[in-house]
Structures are given as structure tokens and as C-alpha cells.
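Numbered from 1 within each chain, the chains take letters A, B, ... in sequence-line order.
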Amino acid sequence: MNTLLAAANITKTYTGHRALDSVSMEVPEQSIFGLLGPNGAGKTTLIRIINQIIGPDEGQILLDGEKLTPKHVRQIGYLPEERGLYKKMKVGEQAEYLTRLRGLSGHDARKLLKKWFERFDLTPWWNKKVEELSKGMQQKVQFIITVLHKPRLLIFDEPFTGFDPINVNILKEEILKLREEGATIIFSTHDMGSVEELCDHIALINKSQKILEGNVQEIKKQHTSRIYEVELNAIQKPLESMLDGRFRLIKSRTEDQGIRARIQILNDTPANDLLQALLSEARLAAFKELTPSMNDIFIKKVTGRFPAETNAGNSSPAIAERPQ
Amino acid sequence: MGKTTTIIKREFLSRVRKKSFLVMTILGPLLMAAIVIVPVVVAQLSDSDYEVAVLDNSDYFIQALEDRENVRFTPLATSVEHAIELMHDDRFDAVLHIPEAAFEAPSTLRLFSDKSVNLNAKLLIENLLKLEFESLKLAHAGIDEEVLRSIDTPINIQAIRIRDDGELITDYPEISMGLGFVSGLLIYIFIFLFGSQVLRGVLEEKTSRIVEIIVSSVRPFQLMIGKVTGVGLVGLTQFVIWVLLTFAIVGIFQVAMPDMFQFTPDERVFVSSSQVLNVEEMQQQREMIQQHDTMAGQLLEGLSAINFPVMIISFIFFFLGGYLLYAALFAAIGSAVDNEADTQQFMLPVTVPLLLSIIMAQMVISNPSGPVAMWLSMIPLTSPVIMMVRIPFGVTWVELIASGALLILGFLATTWLAARIYRTGILMYGKKVNYRELWKWIRHA
């Protein structure tokens, strides 16, 4: 896959603190790229640099192999985290103004806007002032303004905050549709559920540094900790005595029919060995590997601990947090 | 440059289409015209027949007190107490008591009134009585009034200015003063009015968070320059409409009510004349004075001494220069703070030079070529107001060009400075900014 956007050794220092420390990443063309990281990690700074709102102290950004210049503004669409519109300005006029600043001609802007307004049921609001719109409608307008000029690269900074669940779903569908139509999308978020759902690739930034980057499936594979969840019935003897040094019991709970437990397979022991060890002493009701969720990987990478590995961990890694 | 034009267009149209712009554009000239018209109209209306009862116990003065347009005298032969009672019954507005000994002791004259005494009537009575006293005393001393009148020589020196090109022109310092102060004041008002519009505009973009969308499309400098220019054009438009409408309104009034705009000559001329001139002669004199002294006539003569092309071009230049200089600073302030309340701490250093220049304008008027005037008209922060005050009195080309050049350098400097604060400030939220912080932005931007 081609790389559409490449950041190379981006460093940015504000007075007294380093916002980005030699961050590099590659965003494949026609993918959805998740930019993850805790608050204050430097995501917004990186996004602002990609949008040429601020310049990096060191390093460079290449779009399709070319160093970014103001002429690339036309090929990028940007929905900032803190977004607003002129309250007193009419909706249609304002949308036209903002898309013209992106480089569209007035004629093209109006024509495309009419289409999009139709699609989002906003046409009756064309001549209304922005302050008369509900927040959801304002966000739709902002979304339209971001994508109207058919940019190759779309950047959404925390797109789902502030949207109601219905609009979040509309937005997700639109993002997927945009990718199908050939766009590349970078979005930053804390919402790991939407990352699982949408992202092909991710980069994780923590404390100004990139600590993880790659394809979501591959990352998950790499971070599997070989923890299996098992349900056993008709147990002949205590679970602990069934397991030798090749396995580690993380936790177990006695239920009506038997025992539910989490067991980690250590070293390179094949999973079959665990099955055999268990089958000889009990009846197996369920056996499945717990793949780590992006949430787990995120927390492990940032805090250094896997929530599934701890006894106290409440979150069941098998059931990744679903988006609301 | 296309995007900057788009920004200028929005900034201009969004303001011009506001109702408040329309209201200001119409109210402004109405107010300005009212300043000219209302005093004239009020002067004609308010002095409606002030009735004065005269108790002349001396019998010297009663014939001197002739009815005037707005003041009527009624001789009464009664006691002061009774006259005052009549006044309380609203038969009279005031009672003038001239005691028997008035000729020897003028300080015994009394004017009673149950309301505050009408100042014009009091002045008129004083004038009439003073003249009568004088002529009585002249007669008493055996001096012929004709002789005295021939001695009385009015002196009115014609001030003549020799222009650089050697041409002699009659100088009317009063008109230069008026014109200078009004144009200085206008520049001051316009800078404040439209400078604070820039500030509010920047603040609106920042607090509504639209600025991040815009600066991802254009450079912050383009946005700032677009706003400053757009608002400046609004100011220019408003100014031009104001000037045209003011002239139109005053013109309409002049045509509709020509009598009101006759320059009212000094009352005393007629009072003294009335002693010797008959009605016909008086009328002649009145006409002569009117021809010479109509407001339009005087204005015309006075204005002919003013170099108008220079005046108008300078006004537009110094208005724009001053506006650009201050608007950039206002934009920087708007970008540095999060809400209107926080602007106060940064407003002071920007408004002080402006305030200072309008305060110093009064001093400059009394000595328009002095060193204070000269230096204040060179410093870019004060020169827009002060130079406009000075120009009607005549300034050398060297001074004008030097001041203009310094102003251009001045606004380039403030724009450069403002741009550095602006591009950091507009993306900075929730941080209390102080001067040291601003200095950091200027240095590191």
C-alpha cells in the first residue's frame, strides 16, 4: 500500500516543554489511521503541524512524497477538536465562505453544498443563522465543510466527542464511505471502541513520543499474552493441581455448573497441552483465547500493565468496550 | 492573495449588512446635523416672550426699555410687593425695579423672578440700561454723543498669511481651529470605534473556536490583515456616507429655512444704532452685516484659506494610517485573551497615547507650530490626531511627508509585532497571559 502521509522525526518544543519528540509515522493511502494517546500526549500538536497551523522545530511532513506547502491545503480536510462557527452568520453563506478559504470557487462550493445539505436534511436551514441551529446540526455543517472539497486526506480531531449517539453512527458511516471513495482518514480519539471498529492502522503517542505504530490486527497479534478462558464441569480435583509449571492460573471462580478460569500459557507451550491437561480431569464446556482489545494494549503501553493479567482487573478483555 | 480578498469581503459585508451599521450610518449624520441645527432652532424657539414688569421710580429709563423680539416690557405704576404678587399670578415672568436713586447708585437695580432668571433677558436689560446710563451721563457731562461716536473706532485686524508660494490669504484662525479640532476628534473617534471592532472580531473568532478551521486554510497573518482591512473599509464607507449625509441634511435645512441660518449679529450694534439711526438706516445696516456675516459667507471666506485637497487627502491618509497602527494592536490584544473582561489590562497602554493626543490637541491648537505640536505630530502613536489638528493652520511639506513616512513605518512595526502575538495567541486557550508571556511570544514566534 502506498504511503500518503509521512511524518519524519517531528520535534516541537514550546517554551519549557517538549510537545513532540522526534515522532515519525506513515499513513497508508486509503486507510483509516487512528492517532491514539492520553490527554496532553501531543496528538493535537501533531495534527496542527500536519495542517500547517504551526511549524515543527525539526523534521518534515511529506504528502505523497512532497514536502507540505500551503498549496496542499486544498487536499486536506480538517475537523478540529474545538470547533465552532460564526454564530451570527447565515449557515449557507458561512459554509460557502469556509470552503472558499479551502480553495474552492464560489460556484463549485455552492453547488456541492446544496447536494450535501440535501443529504443531511439541512436545506431548510440554509438561510438561518448558526445560533438558531441545534448543536447536532452545527456539527453536521462542520462535517460538511470538512469534506466538501473532496480532500485526499481527512483529519478528524476527537470527532465523536460532543456528538449524540445517532450522529456518531452517521459520522462513522460517512467516514467508512469516504474511505471507500478513496480518501485517507486520520483521526485522533480516546474512544478505543471506535478504533476497533474503524481503524486499519494506529499510532500511539505517549509523553511526546510515538510508542507504537502499525496495522491493528498485527498489533493485536503481537500483544496476545496467550491467556485462555476456560469453563470446566465435573471437576475431579482442584484446578491448581491440574496445572504444572507450563501454565499459570490467573483467576478462577466457582459457578453453579463448575469453574470459570483464566489461564496463561507460559513459554512456547502449545495450547493443546493445556487442553490435554484439563480434559483428563474435567469436562470442558468452553475454551477460548482472549485477544487483547485495543483498550488493553493502550493501557498496557501507557501504564506498562495489561489489565487482563491482574487478578483485580474488572474489565473483561473478551468483551471489548463497545462504542455507545 | 485571493483568500485574503475573500476574508476582507466577509469582514466588510458582515458588518455593513448589520442593522447597527445602518442605524449608525443614519443616526451619525442626524446627530452631527443636529449639533448644527438644534442650537439655531432652539435659539429661535425658546425665547418666547419673556414678560417683564417695569417699576421705574426714577422715570429715566422706562423709554429706553423697548420691546424686543422675545422680551416685552410693561410699565407698572404700583408697589414692588403688588408687582411681585402679579408675577406670582403668572401675569409676568419677572419684575424689574428701578429705584429713585438708581441714577446715582446703579447697584440698587433689582430684577425679581419666581423662576430662574432668563439669562438673555437679564443681559438685554443690562445692555439697554448701560447704554441709557452712558448717554445720560454724557449729557450730564456736556459731551455731544455725535462726537463720542466719531471717536469710537472699531479695530478689526485682518490676519494675512503668506503662503509658501508667495500668495497672500486672509487667515481665519477660528476656522482653522474648528476644522483642525473636528478632524482630529473624528480620527480619534474612528480609531477607537473601529479598532475595538477589530478586537471584538478577533475575540469572537477565538472564543467561538472557528479560528482553528480558518487558520488550517489560510495563514494567521492573512486572517489578521483581512480583518483589519475589512473593518477599515467599513470605517471609510461609514465616514464617506456620514460626510455626504451631513452636508445633505444641513443643506436641506438651509434651503427649507434660510432665515435660521443667518448669522445673528451682535445685539449691541443695533442697540447702539437705534439711538441715532432711523428704522430705514437700521435695516440697511442689518442687511449689510448679514451679507457679510452669513454663516455660509464667513465659512466660504475662511475655508478658501484652507488647502482642501491637502486636507482631504491628509485626513484619509492619517485616518487609515492611524487606524492600521492601532487596529493591529487591538487585534493582538483580542488574540491574547480569552474573554472581553481580560482585555482591560492590555487596553491601557494602547488607549493612553490616543487619549493623550486628544488631550494635547487643545494645547496644539493654541500653538500649532510650537515644538510640542511638532513632536507630537511626528510620533506615529499621536501623529494621526495631532497632524490633523495642525494641517488647517498650515504645515510645511517636509513635516507632512516626514510625519506620513513615520506613520507608515509605525504601522508596519505594530503590524509585525501584532502578527507575532496574534499567531500564538489565537491558538492559546485557558492561559492567563501577562506582559512577560507576550514578550516570549514576540521573541519565539
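- Note: B:Ile213 CD1 to A:Ile53 CD1 = 9.5 Å, rounded to the nearest 0.5 Å.
- Looking at A:Ile54, only its side chain comes within 4.5 Å of chain B, counting heavy atoms on both sides.
- Expressed to the nearest 0.5 Å, how far CG of A:Leu79 lies from CD of B:Glu212 amounts to 10.0 Å.
- For a residue to count as touching a neighbouring chain, one of its non-hydrogen atoms must lie under 4.5 Å from one of that chain's; by this rule A:Glu93 touches chain B with the side chain only.
- A:Glu96 does not touch chain B: none of its heavy atoms, backbone or side chain, sits under 4.5 Å away.
- Here the shortest heavy-atom pairing between A:Tyr86 and B:Ile214 reads OH-CD1, 3.4 Å.
- When all heavy atoms of A:Leu101 and B:Lys3 are compared, the pair lying nearest together is O-CE, 2.7 Å.
- For B:Val218, the part sitting under 4.5 Å from any heavy atom of chain A is the side chain, from C-beta outward, and nothing else.
- With no hydrogens or angles considered, no side-chain donor-acceptor pair links B:Ser216 and A:Arg48 at under 3.5 Å.
- Considering every non-hydrogen atom in both B:Lys9 and A:Arg100, the closest pair reads NZ-NH1, 4.1 Å.
- Heavy-atom pairs under 4.5 Å with chain A were tallied for B:Arg17, B:Arg219, B:Lys18; the largest tally goes to B:Arg17.
- Shown here for B:Ile7 and A:Tyr97, the closest heavy-atom pair between the two residues is CG1-OH, 3.4 Å.
- Among A:Lys87, A:Met89, A:Glu81, the residue making the largest number of heavy-atom pairs under 4.5 Å with chain B is A:Met89.
- In terms of heavy-atom pairs under 4.5 angstrom with chain A, the leader among B:Ser217, B:Ser14, B:Ser208 is B:Ser217.
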Assess the residue pair B:Ile210 and A:Gln94 against the criterion (side chain to side chain contact (heavy atoms under 4.5 Å, CB included)); give the C-alpha distance rounded to whole Å, side-chain angles, the decisive distance to 0.1 Å, and a yes or no. CA-CA 11 Å; B:Ile210 195 173; A:Gln94 176 151 216; 3.4 Å; yes
